[in-house]
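As structure tokens, the structure follows; a few thoughts come after it.
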Amino acid sequence: MFRKSVGTQKQAARWLEFPLREITGRWVSPDGLPSVRVFRSRKQKNGGLWLELTYNNPQAAFSRPIKDCFGIRYFDLFGRVGLAYDAERDVLILSTYGEYKRAQE
């Protein structure tokens, strides 16, 4: 599946395989993009995970369920936004927004 000469594909595949419970919490972008909160929904029976994007104005927040399709994690917000997680650096990666670091509480 992966060639030995291409190490980036192995790295990307490892970032896609992570337990969703590891990304729960608040995330901030070093580039000033909207903040992110990943939380477990209490309304659903199985407690599905949701992602909330909050823009500068607290009233401009969008909550979307995180979906998993054959190991690809994403949410729909005016198009599909992919999720990846680098556990070594504790960085959440959103395909259209970039890298997010865990917020210090």
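The figures here come from the full heavy-atom set of this structure, side chains too, leaving out hydrogens, waters and symmetry mates.
By the criterion of side-chain heavy atoms lying less than 4.5 angstrom apart, applied directly or through intervening Ile, Leu, Val, Met, Phe, Trp or Tyr residues, Leu92 is grouped together with Tyr97 in one hydrophobic cluster. By the criterion of side-chain heavy atoms lying less than 4.5 angstrom apart, applied directly or through intervening Ile, Leu, Val, Met, Phe, Trp or Tyr residues, Val28 is not grouped with Phe39; the two fall into different hydrophobic clusters. Both Leu51 and Leu77 belong to a single network of hydrophobic side chains, linked directly or stepwise wherever heavy atoms of I, L, V, M, F, W or Y lie under 4.5 Å apart. Residues Tyr74 and Ile93 do not share a hydrophobic cluster, defined by chaining ILVMFWY side chains whose heavy atoms lie under 4.5 Å apart.
Looking at residues two or more places apart in sequence or on another chain, you find a side-chain contact (heavy atoms from CB on, under 4.5 Å) between Thr24 and Val38, Leu49. Applying the salt bridge (Lys or Arg N to Asp or Glu O under 4.0 Å) test to Arg80 and every residue at least two apart in sequence or in another chain returns nothing. Remark: Lys67 engages Asp76 in a salt bridge (Lys or Arg N to Asp or Glu O under 4.0 Å) (not counting sequence neighbours). Residues that satisfy the salt bridge (Lys or Arg N to Asp or Glu O under 4.0 Å) test with Glu52, not counting sequence neighbours, are Arg37. Partners of Ser29 by side-chain contact (heavy atoms from CB on, under 4.5 Å), not counting sequence neighbours, listed by chain and number: Asp31, Leu33, Tyr100. Qualifying salt bridge (Lys or Arg N to Asp or Glu O under 4.0 Å) partners for Arg102, counting only residues two or more places apart in sequence or in other chains: Asp90.
In this structure the side chain of Thr54 reaches within 4.5 angstrom of the side chain of Ser35, judged on heavy atoms. Using a 4.5 Å cut-off on side-chain heavy atoms (C-beta onward), Phe75 and Leu83 make contact.
The two residues Val91 and Tyr85 have their closest heavy-atom pair at O-CD1, 3.4 Å. Nearest heavy atoms, Arg89 versus Asp86: NE-OD2, 2.7 Å.
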